[in-house]
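Only heavy atoms go into these numbers, but all of them, side chains included; no hydrogens, no water, no symmetry mates.
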Amino acid sequence: MAARGHVQDPNDRRLRPIYDYLDNGNNKMAIQQADKLLKKHKDLHCAKVLKAIGLQRTGKQDEAFTLAQEVATLEPTDDNSLQALTILYREMHRPELVTKLYEAAVKKVPLSEEYHSHLFMAYARVGEYKKMQQAGMALYKIVPKNPYYFWSVMSLVMQAISAQDEKLAQTMFLPLAERMVEKMVKEEKIEAEAEVQLYYMILERLGKCVEALEVIRGPLGEKLTSELQSRESKCMMLYQRLQRWPECNALAHKLLLKNPDDWQFYPSYFDSLFHLIDQSWSPPEDGEHCSEGSVHHTVAEVVRFVEDRIKGEDGKDSRSLRGPYLARLELMHRLRERGCPEESLLGDPLELMVQFFGKFGDKPCCITDLKIYLHLLPPDQHVQFINRLSEAVPLGEQGDEGFAFPDDTKALQRHLCVCQLSRALGLHHSLDADGKLQLISELKAHYRHGLKFGDENMVWQGLGVLQEGLSHSASNAQFKLLLLLLYCHLGAFEPVVDLYSSLDAKHVQHDTIGFLLTRYAESLGQFAAASQSCNFSLRFFHSNQKDTSEYIIQAYKYGAFEKIPEFIALRNRLNQSLHFAQVRTERMLLDLFLEADIVLSLDESVKAMSLSAEEDDILWDNMRDNRDLTVFTCWDPKDRQLTEEHRRQSLEEETVWLRIRSLTLRLLASLASQGHTTPQQNSQISNENGVGDKTSILGSLLAQLNQTLQTAAESAEKRIQYPFLGPPSTRLASALSSGSCQCQAAAFQLSVHLQELESVGLDESSELQNQICNSFKSLVVQLQEILNKCKGDLLEMKEGKLKTEPSLLENLIFFVETMCIALWMASNCAKILRPLKTSLQKKKKKKKDANTALPVVVCGFQELTGSLQDLLTQSVEFIKEQETSITALKLASLSLEEFPQVSDEASFMKAAMDKVQSSYLRSLQEVGDLLKKRAETIKSLKI
């Protein structure tokens, strides 16, 4: 709990048992202990707050809040109560209440440095920058310490950053912050590096590069010592912004002389050269070229400088540095881009890359270094280049299989590099089918040899190799990611959860790679795992809100001012994340499919989620795609790699699918809200009571859904194919082809007609009733069609080989989702028809009408419930058949003779097949259980 050891009074001893119970998670005992203490000491405010914390942690939020407010209204000033209330408000996610707490405390104890400091941090948690500025200055007046003064300055900078009006930031906030720092500079009160960093940040944001340069190069710049070459890097950036190319060139040249392997300065060196050439710059006849020293303003000078660095490396006894050799290739690339004849001064690119491979081919970085310069080779030299590299790979004698293997890890790394470069040049893809199979055999043989140092059949082989690889390299992330991808493509989600957990994704990775997990979770029928997958991500996003505030506070405390805008940018980036919106929406839909009308009614489920049909909480215009689509290491040639167009199309597709899911969720919320209304006598009264308004919300959302489905259909027609290692396609195309989206829209449309019927009544609505009955029949036909698209063997043996049909499983999930929506619509229909039927019967009794025939719509509804029951029975029977069929598969009888793999690989393949079989059974079991529960709900639909 909060720091409390310094409070030396009897109350501290009395409170300690409660603190201990809370620390140990024994909240009930903490509440009991607090009650005992309060009987003896009614005015012990802290005990009340500690009791409130216990209540909050046992789910009694309202009681906790009431108790806390009783204490807060007394405006306590004792440290124990304030700290305890702060903890409670944080747990309630009400940081704004902490500010009120310390505002009152500061008024009562105006000279307390501690309370003023707490007030500043409370404002920081809620982003009240203006109040932070005032609190910082108030604190500085009480205790004139530099950090407090600069807290106030930084708060001004934050007002500038967050200001909607850029003009206001540039003319008021930043100039005021600059004057405040200048005052301290003139008084020679600048003490810390953080204060210089803040001054630099202000000048940079004001665009005062000349003044910023003077600060960095002057005596204040000497305080910038925490980062290596911090002054030089800042100078370089300012020279570039000021377009002082001579200084930029001279500084880069000077720094590269000190460290020829520091790559960050080579691009600046080359950029400045070409700018100087474009400007026809020439050095002055007398004196220094510029304030930083001599300038290299011709290509010949730069070539000579790079060659001299290489000679220096060649003449060393120790291992050469890569920087100069890469710089030569980079310079060649830039000269070729500009069409400069001086490119020939550097030599032949093929020879230079062969030389680079000779020096660094045994390093894993060699492939990534060379890959970006492969375009320097003409296509007719590709084979020659690979042959030359192969000559530099020391391999032993050929074995029985006809392959030669490396003798040590360095030779193995060289061989691996040659294979990767061959693939990147497209030589693997140009082989015929036999050549590719021969290459596969060779690479597998090389992999097995290397272990001593440390069509669907192909997919099973791939799984076998990867599982074997993972057994030898248990921490290899690429093996895990590829296994995850292959299992999902085969429709097996069960093994994926453990694989993802073993990746041990940290912090922001839940946003960048979480999509790999959440995309397939629900769609493959693993509902429990889907909830767990969404929770992985949602826990991170929700804790981000709280954690970011703490990071900002720590940055203020330790003077890391330049990090504060970064933390706020991170928070915004995560709040606007596409993945966050997706998992939030999918988790709520999943909870409704699993629980609504089973555990709680649909109305209660929607209330518990605080779902609103009217409000759209997704920031569509500011949506950010934070997915890491390059998480898989890819050695394919450029024409087979992920392009910017692929990224754009994927984001477009994801957004359309999210819009459909979000509208579906809001339509369900609207459907639930219909259930809260009571039937009215006529449409006029109906509108007065808000029913008409709710119907219009349902109609408006449905119109948006239909419009989105039209856009989605146009998108699906494009049939976009992403690279295998690129982003996974959404469920959009499958949802449309299965007919589930259209069927769901039809169910919602029925709800609109039923609301109209509720307004009109049964007496004068024969045409509307006929329309509704026809819609009932159409809905049943559509559901039957979706179910028919699920039928077939999910797993089967063909010619001794295992075949999977994941698309059938995905269609089955669409059937389940659509059936849930149809049942909720039917439930809503029953609520509307019951009172209408009762009212009609009463009227007939009064009139002594002998006609006992039921209204058309009631008969139609009874037929609908019977048909829904029949569909559910069909689906449950189909699942039972599939479970029996899959259980009976004897994987041991698989024909593996065709594969020339060793027995180890065969065993890994069989293990992978077992996992797929087990996963399919698990999916069928979960889907079957849910459908049985749904079948039970039909009993409540009688009217």
Side-chain angles (χ1 to χ4, degrees), residues 90 95 98 113-114 116-137 139-140 143-163 169 173-174 176-178 180-182 184-185 189-206 208 212 215-216 219-238 264 506-508 543-575:
R90 266 194 228 165
V98 181
E113 179 183 1
E114 186 183 356
H116 274 282
S117 176
H118 281 306
L119 178 61
F120 180 88
M121 295 309 173
Y123 287 141
R125 280 195 181 89
V126 293
E128 290 269 13
Y129 303 124
K130 186 172 177 59
K131 288 183 177 177
M132 285 164 69
Q133 178 202 341
Q134 293 162 352
M137 282 313 292
L139 193 50
Y140 182 69
V143 188
K145 292 179 182 175
N146 268 26
Y148 298 151
Y149 184 87
F150 283 93
W151 285 3
S152 184
V153 176
M154 185 63 210
S155 303
L156 267 171
V157 174
M158 288 312 302
Q159 285 179 72
I161 291 170
S162 60
F173 297 128
L174 290 172
L176 179 55
E178 183 190 11
M180 284 179 74
V181 181
E182 279 176 352
M184 297 295 270
V185 172
K189 287 184 180 175
I190 298 284
E191 295 169 357
E193 179 181 359
E195 295 157 14
V196 181
Q197 289 274 22
L198 181 53
Y199 191 20
Y200 171 77
M201 191 198 303
I202 294 165
L203 293 171
E204 189 187 20
R205 286 185 177 276
L206 280 167
K208 295 188 172 184
V215 170
I216 299 300
L220 287 177
E222 289 170 14
K223 293 184 185 291
L224 300 174
T225 55
S226 64
E227 289 179 35
L228 197 64
Q229 294 182 325
S230 175
R231 286 180 85 181
E232 291 84 349
S233 299
K234 284 182 168 60
C235 282
M236 183 72 78
M237 192 178 73
L238 291 167
Q264 65 173 320
K506 293 282 194 294
H507 200 67
V508 81
S543 66
N544 160 59
Q545 301 288 338
K546 188 172 66 177
D547 293 349
T548 311
S549 300
E550 298 309 311
Y551 303 151
I552 291 166
I553 285 167
Q554 294 306 312
Y556 271 107
K557 280 184 180 173
Y558 296 106
F561 297 122
E562 74 279 9
K563 297 295 174 197
I564 294 169
E566 292 176 26
F567 289 139
I568 288 165
L570 173 67
R571 181 167 63 193
N572 293 340
R573 172 187 156 184
L574 294 174
N575 287 343

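Nearest heavy-atom pair across Ala160 and Ala169 is O-CB, 3.4 Å. Taking every heavy atom of both residues into account, Met132 and Tyr556 meet most closely at CE-OH, 3.1 Å. Listed here is the closest heavy atom pair of Leu174 and Ile202: O-CG2, 3.8 Å. Shortest non-hydrogen contact noted between Phe561 and Ala194 is CD1-O, 3.7 Å. Nearest heavy-atom pair across Arg125 and Ser549 is O-OG, 3.4 Å.
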Checking side-chain contact (heavy atoms from CB on, under 4.5 Å) for the pair Asn544/Val508: CA distance, chi angles, key distance, verdict?
CA-CA 9 Å; Asn544 160 59; Val508 81; over 6 Å; no
Discussion item. Let's go through Lys234 and Glu204 carefully: what are the C-alpha distance in whole Å and the side-chain angles of both, what is the deciding distance for side-chain contact (heavy atoms from CB on, under 4.5 Å) to 0.1 Å, and is it a yes or a no?
Written reply: CA-CA 10 Å; Lys234 284 182 168 60; Glu204 189 187 20; over 6 Å; no
Inset, instruction - Before giving the answer on side-chain contact (heavy atoms from CB on, under 4.5 Å), spell out for Ile568 and Ile161 the whole-Å C-alpha distance, their side-chain angles and the decisive distance to 0.1 Å. - result: CA-CA 10 Å; Ile568 288 165; Ile161 291 170; over 6 Å; no
Q: Show your working on side-chain contact (heavy atoms from CB on, under 4.5 Å) between Phe120 and Ser155 and close with a plain yes or no.
A: CA-CA 10 Å; Phe120 180 88; Ser155 303; 3.8 Å; yes
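Contact annotation: the side chain of Tyr149 approaches that of Met180 to within less than 4.5 Å [non-hydrogen atoms, C-beta and beyond]. Residues Tyr129 and Val157 have side chains not in contact (no heavy-atom distance under 4.5 Å, counting atoms from C-beta outward). Residues Lys189 and Glu195 fail the side-chain proximity criterion, which asks for heavy atoms closer than 4.5 Å. Contact check for Gln229 versus Cys235: no side-chain heavy atoms found under the 4.5 Å cut-off.
Taking CE from Met236 and CD from Gln264, the interatomic distance works out to 8.0 Å, rounded to the nearest 0.5 Å. Taking CD from Glu550 and CD1 from Ile553, the interatomic distance works out to 4.5 Å, rounded to the nearest 0.5 Å. Between the CE atom in Met184 and the CG atom in Leu198 there is a gap of 11.0 Å [rounded to 0.5 Å]. Interatomic distance, Phe173 CZ to Gln133 CD, rounded to the nearest 0.5 Å: 8.0 Å. For the atom pair Ile190 CD1 and Lys223 NZ, the distance stands at 8.0 Å (nearest 0.5 Å). In this structure, CD in Glu222 is found 5.5 Å from CZ in Arg231, a value given to the nearest 0.5 Å.
The backbone N or O of Ser226 sits less than 3.5 Å from a side-chain atom of Glu193, completing a donor-acceptor pair. Side-chain atoms of Tyr140 never come within 3.5 Å of backbone atoms of Trp151 as a donor-acceptor pair (strictly under, hydrogens ignored).
Applying side chain to side chain contact (heavy atoms under 4.5 Å, CB included) to Ile564 and the options Gln554, Met201, Met154 leaves one that passes, Met154.
Counted by atom type alone, Glu113 and Tyr148 present one or more donor-acceptor pairs between their side chains at under 3.5 Å.
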